[in-house]
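Below, chain A is the first sequence line, B the second, and so on; all start at residue 1.
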2 protein chains.
Amino acid sequence: MSPAEQPQPHRTADVRRPTLNAVAARAGVGRGTVSRVINGSPKVSARSRAAVEQAIAELGYVPNRAARSLATRRTDAVALVVPDAGTRLFSEPYFSGIIRGVSTGLAGAGMQLLLVLTGDEKEHGRLAAYLAAHRVDGVLMMAVHGDDTLPDRLEELAVPTVLAGRRSDRERLGHVRADNRGGARLAVRHLLAGGRRSIGTITGPLDMDVARARLEGYREALREAGVAVADDLVAAGDFTEEGGRLAMRELLRRHPELDAVFAASDVMASGAVLELRAAGRRVPHDVALIGFDDSIVARHIDPPLTSVRQPLEEMGRTMASLLLEEIAHCGTGRREVVLPTELVVRASA
Amino acid sequence: MSPAEQPQPHRTADVRRPTLNAVAARAGVGRGTVSRVINGSPKVSARSRAAVEQAIAELGYVPNRAARSLATRRTDAVALVVPDAGTRLFSEPYFSGIIRGVSTGLAGAGMQLLLVLTGDEKEHGRLAAYLAAHRVDGVLMMAVHGDDTLPDRLEELAVPTVLAGRRSDRERLGHVRADNRGGARLAVRHLLAGGRRSIGTITGPLDMDVARARLEGYREALREAGVAVADDLVAAGDFTEEGGRLAMRELLRRHPELDAVFAASDVMASGAVLELRAAGRRVPHDVALIGFDDSIVARHIDPPLTSVRQPLEEMGRTMASLLLEEIAHCGTGRREVVLPTELVVRASA
DNA sequence: ATGCCGCGTGGGAGCGGTCCCACAGGGCGA
DNA sequence: TCGCCCTGTGGGACCGCTCCCACGCGGCAT
């Protein structure tokens, strides 16, 4: 029995996969032609193309990514950078929704998604170098802080970058965000339509653009209804439950007659509910409450929370397509996209 | 002015990064030696090593991953496959916790994490081929269903694989899971210690190993306390809120005197709460309730839910190290690891 | 018939690493 | 003194793809 006839050990992973060369040989054409077919070049005759496609199918050929990447100096991969310091972020529907959109948006283009969790913003120096060195074609960043320097570094290194949300209203990088201002306006209009007149708001940290935009929307809605905008109806929170609680307490102290609150996040609203309950106010009977994000807590707190929903999956898809565009056109056309928000009415208002 | 002196356009990304060759030249050694230093080979003299290290530092050299991958036939990347059909999965702390653990576990080994969301189990055929073709060094799978064929395919293709949770008690693939049985036991013991005697349980789908294990733990705890285990105190849920609600209704119908319930997930427990409230039972006064997962809803429903917590981050880290081991030792030593659970006591029991 | 154009095409030369073979040179025993 | 081994070392030959140059060949105008 010749060695060739011996049964091979069962180690399929070590079996050499067919190469482009093998396809060329089988199709009876040159390597160049196969490459052209794979990359969709128009300069291939119909018969060569057919022969190549058949050979590919017969051999089950799949291009080797590393080899292509080495030759083209592209990686066909983008990194999704998720700051994960506060454990909470990742588990929000915000993230899962956006990630899902990103994933579908990239899959269509044959791009791989590299997940990079970064605990500490201090590593962002190394991180930028890392990303540049490993030549990801682009970077998507979630939850960027106003003072985060990673985006700037990436810009210097000319790495195409798209952010989820902007750092400020002077953001130079491409980004996608929800219409925070419009969403807040919807919420407050709803409260006004319900006959509420003494409407407070619990804001996020005002060094964050989202927080400012939502506050802005609150003010606009009041203004357009001809209701006076009192500064002491605004209490600053920090997007945490405890912060929402404290802000609510402060609002009640300043305005015991308060009959509605717009909280800039569901989590803060859930804190507010606790405080309202402790103060003996019923929701929504005494005080109507609206949150923002339509997160998982909104559906589960008592009473279920009316909230502003963002089109998360679409935001993710849009981020993906903006990035692909930026990669293709090499930095031109970095744009911003604002997607509409929607009010989800539940029992709390 | 010669062309060379003209200011370059600002496109840092196109600047050729230093190669291994450049390092060798600068250090005055051969390419082989540089390669050895980078890969930590012991057969390098101290002076060569020092020279190379200095050259690397001076040039800011970082190895090109694609080139290495092409030469070694490894990718230094693993895929994390997340079935995302039910939008809920990703947003559970379960996922974020495990992903964080996986991320830290892999980062230490210089492995990249490829995120692959798969909506439809029907694509798993293509997916296996895809993963094999792109030569990820290994695969991590979350939330595997008992009938999922992807793990088997990967095993056939000899792709190192580690699962989060097992498909059945005859799982052949390496996996990491929490001590579900022990956790359930803890929960039911706590109910017994609180003086409850008529304790029902809402199970998950019994074709899933977690659901069976948690039911088993429930039974064990009753048995060890000498309490009779009645089959009609067991109601099947499906890990959804609505399922929990219906199961609760059924339990109340069968056993109006019920004074405690162990639900095999927080989400089902949150459904049970709604049903209990509708039936006029107070939690925990009339009926004590314990959930499983210590998920985000546990903290936010009313009353806050006593629940069983799994060491998610450690599970993730363990998955990473199991996988790295399997990759290194080429398939040997696929093991299972069971990590302890913990009862988090809140107001509901 | 002759030149020219242009489409398809084959294949050489990289891309930047790793692997491994061959070989230099110093220390040692015979 | 001569061979021997053994440690470090340099560099050729790939890995599998893309890029691009050069060339064959048919159709068209001259």
Side-chain angles (χ1 to χ4, degrees), chain A residues 13-53 55-56 59-77 110 112 132-137, chain B residues 13-53 55-56 59-77 110 112 132-137:
Chain A
D14 278 7
V15 164
R16 288 283 232 275
R17 299 194 60 89
T19 70
L20 179 140
N21 247 318
V23 174
R26 174 154 200 138
V29 301
R31 288 173 6 253
T33 301
V34 177
S35 179
R36 270 168 228 128
V37 169
I38 289 168
N39 295 296
S41 158
K43 329 195 88 189
V44 179
S45 70
R47 32 179 299 114
S48 308
R49 166 164 286 122
V52 168
E53 276 164 356
I56 286 177
L59 295 173
Y61 169 75
V62 182
N64 178 316
R65 226 163 174 126
R68 169 180 291 171
S69 172
L70 183 57
T72 57
R73 313 169 150 284
R74 287 179 295 106
T75 55
D76 289 331
Q112 300 200 311
H134 290 303
R135 309 198 90 79
V136 288
D137 295 339
Chain B
D14 279 7
V15 164
R16 288 285 229 276
R17 298 193 59 90
T19 70
L20 179 140
N21 248 318
V23 174
R26 174 155 199 137
V29 300
R31 291 180 357 261
T33 300
V34 177
S35 180
R36 270 169 229 127
V37 169
I38 290 167
N39 295 296
S41 158
K43 333 193 85 188
V44 180
S45 68
R47 32 177 300 116
S48 308
R49 165 164 288 123
V52 169
E53 276 165 355
I56 287 177
L59 294 173
Y61 168 76
V62 182
N64 179 317
R65 224 161 176 127
R68 169 181 290 173
S69 172
L70 183 57
T72 58
R73 312 167 153 286
R74 286 180 295 108
T75 54
D76 288 331
Q112 300 200 310
H134 290 303
R135 309 198 90 78
V136 288
D137 295 338

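Straight-line distance from the CG atom of A:Asn21 to the P atom of C:dA13: 15 Å, rounded to whole Å. Taking atom CZ of B:Arg74 as the reference point, atom C1' of C:dC19 lies 12 Å away to the nearest angstrom. Rounded to whole Å, the distance from OH on A:Tyr61 to P on D:dG16 is 10 Å. Rounded to whole Å, atom P of C:dC19 lies 12 Å from atom CD1 of B:Ile38. Rounded to whole Å, atom C1' of C:dC19 lies 13 Å from atom CG of B:Leu70. To the nearest angstrom, P of D:dG10 lies 15 Å from NZ of B:Lys43. In this structure, A:Arg73 places its CZ atom 13 Å from C1' of D:dC17, rounding to the nearest Å. Straight-line distance from the CZ atom of B:Arg17 to the P atom of C:dG17: 10 Å, rounded to whole Å.
Within the 4.5 Å cutoff, the side chain of A:Leu20 has heavy atoms near those of the A:Ser35 side chain. Side-chain contact check for B:Arg36 versus B:Thr33: some heavy-atom pair is nearer than 4.5 Å. Using a 4.5 Å heavy-atom cutoff, the side chains of A:Asp76 and A:Gln112 are not in contact.
Here B:Arg65 lies out of heavy-atom contact (under 4.0 Å) with every strand. In this structure, A:Ser69 reaches neither bases nor backbone, as no heavy-atom distance under 4.0 Å exists between it and the strands shown.
An OP1 or OP2 oxygen of C:dT18 is reached within less than 4.0 angstrom by a side-chain nitrogen or oxygen of B:Ser35. The side chain of B:Ser48 contributes no N or O atom lying less than 4.0 Å from OP1 or OP2 of D:dG8. Contact check, A:Thr33 against C:dG8: no side-chain N or O comes under 4.0 Å of OP1 or OP2.
A side-chain donor-acceptor contact under 3.5 Å links B:Thr72 to the backbone of B:Arg68.
Minimum atom distance to the side chain of A:Asn64 is reached by D:dG16, of the listed D:dG16, C:dG17, D:dT9. Picking from C:dG11, C:dG17, D:dG16 the nucleotide with the shortest atom distance to the side chain of A:Arg31 gives C:dG11. Between C:dG17, D:dT18, D:dC17, one nucleotide has an atom nearer to the side chain of A:Thr72 than all others, and that is D:dT18. When distances are taken from the side chain of B:Ala67 to each of C:dG17, C:dT9, D:dT18, the shortest belongs to C:dG17. The side chain of A:Ser45 lies closest to C:dG8, out of C:dG8, C:dG17, C:dG10.
Between atom CZ of residue A:Arg49 and atom NZ of residue A:Lys43 there is a gap of 12.5 Å, rounded to the nearest 0.5 Å.
Comparing A:Ala71 and B:Arg49, the nucleotide of DNA chain D nearest to each residue sits closer to the 5' end for B:Arg49. Two residues, B:Arg36 and B:Pro63, neighbour DNA chain C, and the one matched to the more 5' nucleotide by heavy-atom proximity is B:Pro63.
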